[in-house]
Every structure is written in C-alpha cells, then in structure tokens.
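I have placed the structure first, in the form of structure tokens, so that the comments after it can refer back to it.
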Amino acid sequence: MLGWSPETFWNATAAEFEMTVEGLSGNVRGRPFISREEVRRIAAEHGVRPSLKSNPKARTIGGG
C-alpha cells in the first residue's frame, strides 16, 4: 500500500509514517499527531535519527 521498500519503511520516523498513511487515506488531520515536547522527550531518550528527506535514495510516492 505504501509503495516503500522495506529499508525505507524501517528507517521512517513515526511522523513520516503517520503523514504517509493520512495522505494515502485522504484523512489529513492538519495537525501534528505528536507534540514537539513529546518529540524532544523521545529524542533525548533514544537519540536523534535523520529524516527520510535527507536520504538521497528516498523517493516520493508515485515518483519515477
């Protein structure tokens, strides 16, 4: 359904996954599903990971 490779799926952040599912379902809430404070807490606890946007191999859904 997502059109992602397994590597892309496992490297995606929760926010990236949530936004993708919302976009595909047409049910975009228009607000973050997680607060900035919660993101800070999780990052402090687990470390910061790069976004998919920084991956040169990342493709947009429906992209060639």
Side-chain angles (χ1 to χ4, degrees):
M1 178 179 167
L2 296 179
W4 291 359
S5 69
E7 179 184 10
T8 300
F9 174 82
W10 290 111
N11 286 319
T13 65
E16 291 164 334
F17 179 76
E18 181 77 11
M19 287 186 290
T20 300
V21 171
E22 285 181 3
L24 288 171
S25 70
N27 186 23
V28 179
R29 291 187 270 172
R31 61 175 172 77
F33 79 103
I34 187 170
S35 70
R36 289 184 183 269
E37 193 54 44
E38 184 71 3
V39 170
R40 287 185 194 101
R41 185 193 65 74
I42 292 169
E45 187 175 328
H46 298 285
V48 176
R49 294 181 50 196
S51 169
L52 282 175
K53 292 184 276 185
S54 64
N55 182 341
K57 294 182 181 179
R59 296 183 316 142
T60 58
I61 294 176

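Throughout, residue positions are numbered sequentially from 1 according to the sequence presented.
Taken from OG1 in Thr8 to CG in Asn55, the straight-line distance is 6.5 Å, to the nearest 0.5 Å.
Hydrophobic clustering places Leu24 together with Phe9 (ILVMFWY residues linked when any side-chain heavy atoms are closer than 4.5 Å, directly or through intermediates).
Ser35 and Glu38 are not linked by any side-chain donor-acceptor pair at a separation below 3.5 angstrom, with hydrogens and angles left out of the test.
Between Trp4 and Trp10 the shortest side-chain heavy-atom distance does not fall below 4.5 Å.
Between Glu16 and Thr13, the closest heavy-atom pair is OE1-N, 2.8 Å.
Ion pairing between Glu45 and Arg41 holds under the 4.0 Å rule for side-chain N and carboxylate O.
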